[in-house]
Amino acid sequence: MTKILDARSIAHFHEQNMKPADFPPGGHFGSLHDVWHWIEANHHCNMSQWNEEDKARRTDVGAADIAASKRLIDQSNQKRNDAIEAIDEAILAGLKNHPSSTDARLNSETAGSMIDRLSILCLKIYHMRKQTQRDDVDQAHIRTCEVRLDRLIEQRMDLGVCFDQLLADTRKGCAYFKVYRQFKMYNDPALNPYLYGEQGAGAKGGEITSCAIDVLIPTRDRPYALAVTLTALHAQGFQDFRVIVSDQSECQNPFEAPEVKALLRILRASGTEVETYRHLPRRGLAEQRDFLLSKTAAPYCLFLDDDVVLQKDVIARLYHAIGEQRCGFVGSALHGLSFIEDIRPHHQYIEFWDADVIPETVTPGSSAWNRHHLHSAANLFHIQARLGMRAEETRLYRVAWIGGCVLFDTDKLRAAGGFNFWTELPPEHCGEDVLAQLRVMQRFGGCGVIPSGAYHMELPTTVLTRNVDAPWVLPISAIG
């Protein structure tokens, strides 16, 4: 199959792939960096959405079936728009050696959106042609559909000419287009008034609409570690939580790994609700966390890394602490026990909260910033061992930030902007969790709990490029 990117090749590809199937259907193009991978993804989303739109207009089923179709349409539409953006990113990456001249025109429609329209026109042509082949209708119906079919074919040809011209002009530097983000509001509980209205008003008719906590796990290329983390969640004494996992692995789907599938089954069989998402393309950890936050409906959300082992009382103690303090976040810092023989007294200074946790401003390079040394290596573990602290003697202390296991008040995190700053960062960045915590802490306060009860598996990082550190390049001041 040709991989030349022009309207004729795209139309041919669309026509040859008209059998509805879950994407990927078996693989014409496997690389996430290949524009054809995302053209295929977009086309299959359009086919799926077309079928669900037809189902949603049935009159012989109940309201529950229509609602189910509507939710599937929303999900498919979100994936469709994600694929359009990925198409634009891939095309622009291939055009980076063709800079635009200063007087180049800005094309209002992107190449990706034009490819999406070509896909939809292919679907219309396909289904209109089937109408012209029916033997259960009169000739008037056939003639009407034949006229419409000719018009649709003409529309696709005209659009194809415009697409080829845009790419040609972009290569010559006399035209350009940008990647636009759709920012769909209807799927976002923070932006859809019927969703956040329900959250604010509570359950209707006395029913509980969500768990106390949504456990949010971003993951990438770590199925074995993810399975261990899920095992620790299953063992928690506090069980009033839902688990939401967002994966950005580029090769293996971790939800198909036997050890992860087993833990997902166990959690669900024990009554824990679990949602899993393959959230691609990758746009950086801040966007990944922003996506997870958009999925939560619980009053509290626990951001948990995919390589953390929790003792069975950790979530209960975090939940008790944040409920008592009414602050923005509490967290359990991770112990790295490979450093258990590496004792660093000069990094073991701890400031306890002996009164209520209150807002404070911590900025990079400040004296309070140096608190981060407390969470390096096994420093916190050495402190709690020296003090002989037990779980029932939980104390709160001041932090610069906490990595790996942080429980937020969901409304307070959103009020401070959440992770919406992801659009201001390049995809390769770090420190997004730090910046979000600093903003929440400035408005609502935040703290750590000791004993921690959280352990780091100490696996190699999946964030290899750390040239852009969010709290050093973006303002600390909280939103609002």
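As a basis for the values below, the full set of heavy atoms in this structure was taken, side chains included, without hydrogen atoms, waters or symmetry mates. In what follows, residues are counted from 1 in the order of the sequence shown.
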Requested in this report: Find the distance between NE2 (His347) and CD1 (Ile383) and round it off to the nearest 0.5 Å.
Outcome: 11.5 Å

Query raised in the report: Quick one: do Glu275 and Lys295 make a salt bridge, cutoff under 4.0 Å?
Result: no

Query raised in the report: Between Gln348 and His373, do the side chains contain an N or O donor and an N or O acceptor separated by less than 3.5 Å?
Result: no

Requested in this report: Indicate whether the side chain of Asn46 and that of Ser119 have a donor and an acceptor atom separated by less than 3.5 Å.
Outcome: yes

Query raised in the report: Would you call Leu302 and Leu216 a side-chain contact if the rule is heavy atoms closer than 4.5 Å?
Result: no

Requested in this report: Give the C-alpha distance, both sets of side-chain angles, the deciding distance and a yes or no for side chain to side chain contact (heavy atoms under 4.5 Å, CB included) between Ser332 and Leu318.
Outcome: CA-CA 8 Å; Ser332 288; Leu318 291 175; 3.6 Å; yes

**Report entry** Check: Ala227 main-chain N/O paired with Thr231 side-chain donor or acceptor under 3.5 Å
**Finding:** yes

Requested in this report: Please tell me if the side chains of Asp305 and Cys405 come closer than 4.5 Å, counting only heavy atoms from C-beta onward.
Outcome: no

Query raised in the report: Which one of Lys178, Arg282, Arg283 satisfies the salt bridge (Lys or Arg N to Asp or Glu O under 4.0 Å) criterion with Glu89?
Result: Arg283

Query raised in the report: Between Phe241 and Phe238, how do the two ring planes meet: parallel, tilted or perpendicular, split at 30° and 60°?
Result: parallel

Report task. Ignoring hydrogens and angles, tell me if any N or O in the side chain of Glu52 forms a donor-acceptor pair with the backbone of Ile73 under 3.5 Å. Result -> no

Query raised in the report: From Thr110 OG1 over to Ile115 CD1, what is the distance, rounded to the nearest 0.5 angstrom?
Result: 8.5 Å

Report summary line: Closest non-hydrogen contact found for Ala321 with Leu396 is CB-CD2, 4.1 Å

Report task. Kindly compute the distance separating CD1 (Ile315) from CG (Asp240), expressed to the nearest 0.5 Å. Result -> 10.5 Å

Query raised in the report: Is any side-chain heavy atom of Leu264 less than 4.5 Å from a side-chain heavy atom of Phe255?
Result: yes

Requested in this report: Could you check if a side-chain atom of Leu374 sits within less than 4.5 angstrom of a side-chain atom of Ser376, using non-hydrogen atoms only?
Outcome: no

Query raised in the report: Is it true that a side-chain atom of His429 and a backbone atom of Ala286 form a donor plus acceptor pair closer than 3.5 Å?
Result: yes

Requested in this report: Spell out, as yes or no, whether a donor-acceptor pair under 3.5 Å connects the side chain of Arg326 to the backbone of Gly323.
Outcome: yes

Report task. Measure across Ser249 and Leu280 and return the closest heavy-atom pair with its distance rounded to 0.1 Å. Result -> O-CD1, 3.9 Å

Query raised in the report: Any Lys/Arg nitrogen of Asp342 or Arg344 sitting under 4.0 Å from an Asp/Glu carboxylate oxygen of the other?
Result: yes

Requested in this report: Report yes if the side chains of Phe177 and Ile91 come closer than 4.5 Å at any heavy-atom pair, otherwise no.
Outcome: yes

Query - Heavy-atom pair with the smallest gap, counting every atom of Thr276 and Arg268 - result: CG2-NH2, 4.3 Å

Requested in this report: Verify, without hydrogens or angle tests, whether Thr410 (side chain) and Ala298 (backbone) share a donor-acceptor contact under 3.5 angstrom.
Outcome: yes

**Report entry** Reported OG1-to-CG distance for the pair Thr219 and Asp306, which is rounded to 0.5 angstrom
**Finding:** 3.5 Å

Query raised in the report: Looking at SG of Cys430 and CG of Asp469, how far apart are the two atoms once the value is rounded to the nearest 0.5 Å?
Result: 4.0 Å

Query raised in the report: Using 4.0 Å as the upper bound for N to carboxylate O, is an ion pair formed by Asp247 and Arg220?
Result: no

Requested in this report: On the 0 to 90° scale, with breaks at 30° and 60°, tag the His375-Tyr397 ring pair as parallel, tilted or perpendicular.
Outcome: perpendicular

Requested in this report: Verify whether one side chain among Asp307 and His456 offers a donor that lies under 3.5 Å from an acceptor in the other.
Outcome: yes

**Report entry** Side-chain heavy-atom pair Phe419, Glu287 within 4.5 angstrom cut-off
**Finding:** no

Requested in this report: Grab the two heavy atoms, one from Pro223 and one from Gln252, that are nearest each other, plus how far apart they are.
Outcome: CG-OE1, 3.8 Å

Requested in this report: Test Gln384 against His335 for side chain to side chain contact (heavy atoms under 4.5 Å, CB included), laying out the working first.
Outcome: CA-CA 11 Å; Gln384 66 189 46; His335 301 310; 3.5 Å; yes

Query - Side chain proximity check, Met441 to Ile476, heavy atoms < 4.5 angstrom - result: no

Report task. Using modelled atom types only, decide if a donor and an acceptor are shared between the side chain of Ser366 and the backbone of Val362 within a distance under 3.5 Å. Result -> no

Query raised in the report: Do the side chain of Ser270 and the main chain of Ile266 share a donor and acceptor less than 3.5 angstrom apart?
Result: yes

Query - Test side chain to side chain contact (heavy atoms under 4.5 Å, CB included) applied to Met114 and Ile84, step by step - result: CA-CA 9 Å; Met114 295 172 82; Ile84 293 172; over 6 Å; no

**Report entry** Polar side-chain atom of Glu351 near backbone of Arg398 as donor-acceptor pair, under 3.5 Å
**Finding:** no

Report task. Is it possible for you to check whether Arg289 lies under 6.0 Å from the centre of the six-membered ring of Trp422, through NZ or CZ, and within 45° of that ring's axis? Result -> no

Requested in this report: Walk me through it: do Arg242 and Thr272 pass the test side chain to side chain contact (heavy atoms under 4.5 Å, CB included)?
Outcome: CA-CA 6 Å; Arg242 174 177 58 159; Thr272 300; 5.9 Å; no

Query - Within-4.5 Å side-chain heavy-atom neighbours: Leu292 and Thr296 - result: no

Query - Heavy-atom neighbours of Lys79 NZ exceed 12 at 6.0 Å - result: no

Query raised in the report: Does Glu458 reach the main-chain N or O of Ser338 with its side chain, forming a donor-acceptor pair under 3.5 Å?
Result: yes

Report task. Can you see which heavy atom on Asp116 is nearest to which on Arg80, and at what distance? Result -> OD2-NH2, 2.7 Å

Query raised in the report: Are the side chain of Asp88 and the backbone of Gly112 linked by a donor-acceptor contact shorter than 3.5 Å?
Result: yes

Query raised in the report: Step by step, would you call Phe291 with Tyr277 a ring pair (Phe, Tyr, Trp, His ring centres under 6.0 Å)?
Result: CA-CA 10 Å; Phe291 172 78; Tyr277 296 92; 5.4 Å; yes

Requested in this report: Give a yes or no on whether the ring-centroid distance for Phe408 and Phe444 is below 6.0 angstrom.
Outcome: no

Query raised in the report: Rounded to the nearest 0.5 Å, what separation is found between the SG atom of Cys301 and the CG atom of Asp411?
Result: 9.5 Å

Query raised in the report: Thinking salt bridges, do Glu360 and Arg371 make one under a 4.0 Å N-O criterion?
Result: yes

Query raised in the report: Should the pair Arg395-Asp354 be classified as a salt bridge under the 4.0 Å nitrogen-to-oxygen rule?
Result: yes

Report summary line: Taking every heavy atom of Leu293 against every heavy atom of Gly418, the minimum-distance pair comes out as CD2-CA, 4.0 Å

